[in-house]
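Everything below concerns the one structure shown next.
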Amino acid sequence: MDHQKTPLYDALRQFAKTTAYSFHVPGHKNGSLFNLPELSQIARLDATELSFLDQLHDPDGVILEAEEYVRDWYGSKASFFSIGGSTAGNQALVLSAVKRGDKVLVPRNCHQSVLHGCWLAGAVPVTLPAEWDQRTRLAVGVSIQIICDAIERVPDAKAIVLTYPSYDGFTFAIQDIITLAKERGLIVIVDEAHGAHFSVDPDTFPPSALALGADGVVHSAHKTLPALTMAGFVHLGRESVLDESRVRRALGIVQTSSPSYLVMASLDVARSYVATFTQADRDALRSTLMEFRKIVADAGPWEVVEEGDLLKLVLYLPGHGFTLQQKLHEQGLFTELASVDHVLLVLPLIKNNLSHKQELLDTLPKIKRAGEDIEYEQNKPAQQFRGKTFTELTSVFTTFEDVLWAEREWVSAQEAVERVVADSIVPYPPGIPLFFPGETVDEKRLHELLAFTKEGGHVQGAFRLNNEQIEILIAK
């Protein structure tokens, strides 16, 4: 297929050139009612389900053609557009894989959307103990030993959802896990939200789970590809046991019935961008990333963590993560996230383009200045390792109904210890729950939560930052 082509985007551009009067939604009427010229130009492409623009949830025209280009590039049995990012993709795949009462193996470092998918399906998530780097305290994935143990202890599990790569870019031996899980009859879903770019160059990036036999894979295209926020792909592997029509139906349930054509068009363009990398583009990308990482490693008091994905740059600085983020902000450099101990930078997926390379390299003096501005305490202790719940196999029995309807109350953080949390407590970003609903609040993770928020971290869910309260279930 000719991946220079962008069928959906081209159809929108052609529509934007017309002078047809709008008697349809959206209400900005092809941008004519906006007073700001920037919005008016963008809104010309913000169309609706006109006959020649197809329909996302039942495509038979340009959207279907655009999805076929995605299928061809990624080598899937079927690929779908998600205008709800990986969140909608994870939920749809879980809904397509399991039924009420089924058990699903999920790692502790899963995204909250995986849990939400289980709740919607009425399934029971059984949490796998994620492995953590003992020095940096970052999640690195799950091991084959953990999976073997989980399958033996939960022989009736129906599916497994793996997070690969981690938010920080760590990968693990996922091929062995996929092979083992499928041999044992499990449906394998991989939240590869941060790996949409892996297929660009196998010599630079880790292999995609889609090429390694996963049944379903989710990509957040907007995270590393040139796509608008909320843009994602959902794929079925070539030998997937998941039903294509069921996945399409589930995506229609968890997504809006009025999808953004701007987001969908950006998916079309993003696929064309990655699928047209030349060897010269790959060589330039690899050399630029390696050069940049090496210079940054020598530019400050931090350590650059080698985690597997060259687009993710982790600056490890125990006890000074949020301070470093602030110093970088003061230099006009805005990072993806920070913790007490590290800062994460997401690097650009640039082609053989001198101006793009120079823009990246021009940030180096600013990064160095940020490092020089930090009063670094060499022996300041790193954040404590997480509590024992993270090393044990546990079931989260809270149902969707419990989350919405159970009686609950807000108590001080210390009063919440040994009581059951009513909803997720999620440091965001990265959106990985520190506490799952239905879990008991323990001292170690509570200490980590309070340390994170004290340093300026943001938390979603059952935690009130202003008075350090936690929402817990009222025992019946």
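Below, each value reflects all heavy atoms present in this structure, side chains not excepted, and no hydrogens, waters or symmetry copies. Counting begins at 1 with the first residue of the sequence.
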Parallel, tilted or perpendicular for [X] and [Y], by the 30°/60° rule?
| X | Y | answer |
| --- | --- | --- |
| F198 | Y164 | perpendicular |
| H235 | H219 | perpendicular |
| H3 | W73 | perpendicular |

Is the shortest side-chain N to carboxylate O distance from [X] to [Y] below 4.0 Å?
| X | Y | answer |
| --- | --- | --- |
| K223 | E192 | no |
| D215 | K182 | yes |
| D203 | R282 | no |
| E439 | R108 | yes |
| E336 | K312 | no |
| K5 | D10 | no |
| K294 | E291 | no |

Return yes if some donor-acceptor pair links the side-chain N/O of [X] with the main-chain N/O of [Y] below 3.5 Å, else return no.
| X | Y | answer |
| --- | --- | --- |
| H57 | I253 | no |
| D54 | I63 | yes |
| Y74 | A196 | yes |

Ignoring hydrogens and geometry beyond distance, is a side-chain donor-acceptor pair present between [X] and [Y] at under 3.5 Å?
| X | Y | answer |
| --- | --- | --- |
| S355 | N353 | yes |
| R246 | S96 | no |
| Q279 | D283 | yes |
| T179 | Q175 | yes |
| D281 | T278 | yes |
| T224 | H197 | yes |

To the nearest 0.5 Å, what is the distance between [atom1] on [X] and [atom2] on [Y]?
| X | Y | atom1 | atom2 | value |
| --- | --- | --- | --- | --- |
| Q255 | S260 | CD | OG | 11.5 Å |
| L262 | T229 | CG | OG1 | 12.0 Å |
| L162 | L105 | CG | CG | 9.0 Å |

Could you tell me if the ring centre of F452 sits under 6.0 Å from that of F322? yes

Sorted by first residue and then second, give each ring pair (Phe, Tyr, Trp, His ring centres under 6.0 Å) pair with at least one member in residues 248-276; sequence neighbours left out. Y273-F277

Validation row: [X], [Y] side chains within 4.5 angstrom (heavy atoms):
| X | Y | value |
| --- | --- | --- |
| V140 | S166 | no |
| N30 | H24 | yes |
| P129 | I146 | yes |

Salt bridge (charged side-chain N to carboxylate O under 4.0 Å, His left out), that's the test. Do E448 and R445 meet it? Break it down for me. CA-CA 5 Å; E448 181 179 354; R445 276 184 292 166; over 6 Å; no

Please name the pair of heavy atoms, one in [X] and one in [Y], separated by the smallest distance, quoted to 0.1 Å.
| X | Y | answer |
| --- | --- | --- |
| P165 | G195 | CD-N, 4.0 Å |
| A214 | I178 | N-CG2, 4.0 Å |
| K103 | V154 | CD-CG1, 3.7 Å |
| F170 | A139 | CD1-O, 3.5 Å |

Show the numbers, then the answer: is there a side-chain contact (heavy atoms from CB on, under 4.5 Å) between R44 and L12? CA-CA 8 Å; R44 295 287 295 172; L12 281 175; over 6 Å; no

Applying the side chain to side chain contact (heavy atoms under 4.5 Å, CB included) criterion to E67, which one of L56, V62, V234 satisfies it?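 That would be L56.
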
I'd like to know whether H194 forms a side chain to side chain donor-acceptor pair (under 3.5 Å) with D309, so could you lay out the CA-CA distance, the side-chain angles of the two residues, the decisive distance to 0.1 Å, and finally the verdict. CA-CA 9 Å; H194 292 261; D309 180 6; over 6 Å; no

